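These notes concern the structure reproduced below.
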Number of protein chains: 2
Amino acid sequence: MPTPRLKLDAFLPYRLSITSNMVSELIAGAYEALFGLRVPEWRLVAVIAEAEAISQQAIGRRTRMDKVTVSRAAIALADRGLIKRTPNPGDARSHLLSLTSAGEQLYAEVMPKALEYEKRIFASFKPAEIERLKIMLARIEEVVEGLEAEAERG
Amino acid sequence: MPTPRLKLDAFLPYRLSITSNMVSELIAGAYEALFGLRVPEWRLVAVIAEAEAISQQAIGRRTRMDKVTVSRAAIALADRGLIKRTPNPGDARSHLLSLTSAGEQLYAEVMPKALEYEKRIFASFKPAEIERLKIMLARIEEVVEGLEAEAERG
DNA sequence: CGGCAATAGTTTCAGTTGTTACTATATACG
DNA sequence: CGTATATAGTAACAACTGAAACTATTGCCG
């Protein structure tokens with residue numbers, strides 16, 4: 001008897017990856033073209049805008065981005081005058097990042113575009129469906145975190 | 001009035017990307033460790049197993065992977081003796097890829113692991129929920145394809 | 001205090017991925 | 001037919017990302 005064939009298209013981790021990459025590429029392309037921002041940079045802008053003043057380490061935890069990625073994005077944004085780095089009074093090794101007024105201005109332009117894209121992509125989804133999708137994604141994350149922890153313990 | 005703050009955590013494309021990357025990394029790590037297969041290679045194995053004999057170009061279309069990525073994965077798999085490349089009778093530029101018996105054997109080991117991971121990650125999901133999730137992902141893909149086409153036309 | 005492990009952030013380096021250029025073949029059209 | 005354009009696949013190159021090494025500072029514990 002031949003090995004039964006897995007239909008890759010029906011394999012959920014694969015489907016999730018394909019869909020996510022399609023969405024990411026679409027949005028990343030638009031941001032790059034419109035604002036010269038790469039994905040990590042845009043994420044930093046959003047997180048800093050929410051937080052007012054936040055360390056790079058905290059950004060890494062919040063966004064699951066590597067500290068190297070965060071560092072590079074922070075340097076790029078600071079070079080462009082979009083964020084400023086003030087010494088962290090509690091810890092001389094770290095800086096607190098906040099938006100400059102130029103950064104605020106960019107953020108004010110970028111954010112509506114982001115929401116517009118989201119709206120367009122999910123235009124055919126009812127609010128309750130979107131809610132269900134978010135909850136499902138959160139549940140998946142929770143399980144994966146558990147499996148990661150399990151793997152670490154051996 | 002200050003700019004209203006986007007909660008990045010509530011932004012669906014972001015959530016999708018985080019969740020998908022967590023799942024991908026988990027599975028990719030396992031495959032790398034267990035079988036020495038990277039993600040593109042594993043995808044090729046799966047697609048070739050389904051198709052029996054298929055050109056690289058067709059694999060690229062089916063998996064949305066770049067032809068360069070497909071080419072590299074195919075070379076790696078051929079070097080390991082997992083696939084064989086036979087001339088395509090209809091087109092001398094391309095090969096038809098198929099699994100060798102070693103490839104079949106590997107596939108027979110890999111596939112149950114894949115399904116097991118899927119099962120574990122979605123253990124708390126009812127079949128109807130999984131079905132809804134798949135449908136939602138398919139709908140998202142459809143919309144994004146439309147937006148891509150729109151962007152190309154200008 | 002003083003030394004030593006841990007942490008924030010940067011730099012360096014290696015691995016992966018995609019864009020561009022190239023080769024060989026195929027197809028369209030004069 | 002034969003020239004021009006498109007396509008399958010590979011190779012060469014550049015960009016991005018993450019791991020490991022490094023620097024500066026912190027905090028623990030003798």
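Note that the structure is a prediction, hence the values are computed from the model and not measured. Order of the sequence lines sets the chain letters (A, B, ...), proteins ahead of strands, with each chain counted from 1.
Contacts of A:Ser124 classified as side chain to side chain donor-acceptor pair (under 3.5 Å), with partners at least two apart in sequence or in another chain: B:Arg139. With sequence neighbours left out, the side chain to side chain contact (heavy atoms under 4.5 Å, CB included) criterion links B:Lys134 to A:Ala10, A:Leu12, B:Ile130, B:Glu131. Applying the ring pair (Phe, Tyr, Trp, His ring centres under 6.0 Å) test to B:Tyr117 and every residue at least two apart in sequence or in another chain returns nothing. Applying the side chain to side chain donor-acceptor pair (under 3.5 Å) criterion to B:Asp91, with sequence neighbours excluded, gives B:Arg93. For A:Ala102, the side chain to side chain contact (heavy atoms under 4.5 Å, CB included) criterion is met by A:Leu82, A:Thr100, not counting sequence neighbours. Residues passing the side chain to side chain donor-acceptor pair (under 3.5 Å) test with A:Arg132: none are found, sequence neighbours excluded. Scored by the side chain to side chain donor-acceptor pair (under 3.5 Å) test, B:Thr19 finds A:Glu141 as partners (sequence neighbours excluded). Remark: B:Phe11 engages no residue in a ring pair (Phe, Tyr, Trp, His ring centres under 6.0 Å) (not counting sequence neighbours).
Both A:Arg85 and A:Glu25 lie near DNA chain C, and the one whose nearest nucleotide falls closer to the 5' end is A:Arg85.
Every pair tested for salt bridge (Lys or Arg N to Asp or Glu O under 4.0 Å) that includes a residue from residues 75-86 of chain A fails, sequence neighbours excluded, so the list is empty.
Between B:Thr69 and C:dG18 there is a side-chain polar atom (N or O) within less than 4.0 angstrom of OP1 or OP2. Side-chain nitrogen and oxygen atoms of B:Arg64 include none within less than 4.0 Å of the OP1 or OP2 phosphate oxygen of C:dG18. The side chain of B:Ser71 places no N or O atom within less than 4.0 Å of a non-bridging phosphate oxygen (OP1 or OP2) of D:dG9.
The distance between atom NZ of B:Lys67 and atom C1' of C:dT17, rounded to the nearest whole Å, is 15 Å. Atom P of nucleotide D:dT7 and atom NE2 of B:His95 are separated by 19 Å, given to the nearest angstrom. Following rounding to the nearest Å, A:Gln56 (CD) and C:dT11 (P) show an atom-to-atom distance of 11 Å. Rounding to whole angstrom units, CE of residue A:Met65 and P of D:dT17 are separated by 10 Å.
Among the heavy atoms of the strands lying under 4.0 Å from B:Asp66 is at least one base atom, whether or not backbone atoms are also near.
Follow the hydrophobic side-chain contacts under 4.5 Å out from B:Val23 and you reach B:Leu34 in the same cluster.
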Protein-nucleotides 11-15 of chain D N/O pairs under 3.5 Å:
none

Atom pairs, N/O to N/O, protein against nucleotides 24-27 of chain C, distance under 3.5 Å?
| unit_1 | atom_1 | unit_2 | atom_2 | d |
| --- | --- | --- | --- | --- |
| C:dT25 | O2 | B:Arg93 | NH1 | 3.4 |
| C:dA26 | OP1 | B:Ala92 | N | 2.8 |

Would A:Arg38 and A:Glu41 count as a salt bridge (charged side-chain N to carboxylate O under 4.0 Å, His left out) if you check the C-alpha gap in whole Å, the side-chain angles of each, and the deciding distance to 0.1 Å?
CA-CA 5 Å; A:Arg38 304 110 183 276; A:Glu41 290 165 16; 3.4 Å; yes

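Near-neighbour residues of DNA chain D inside residues 28-35 of chain A, defined by a heavy atom below 4.0 Å, are absent.
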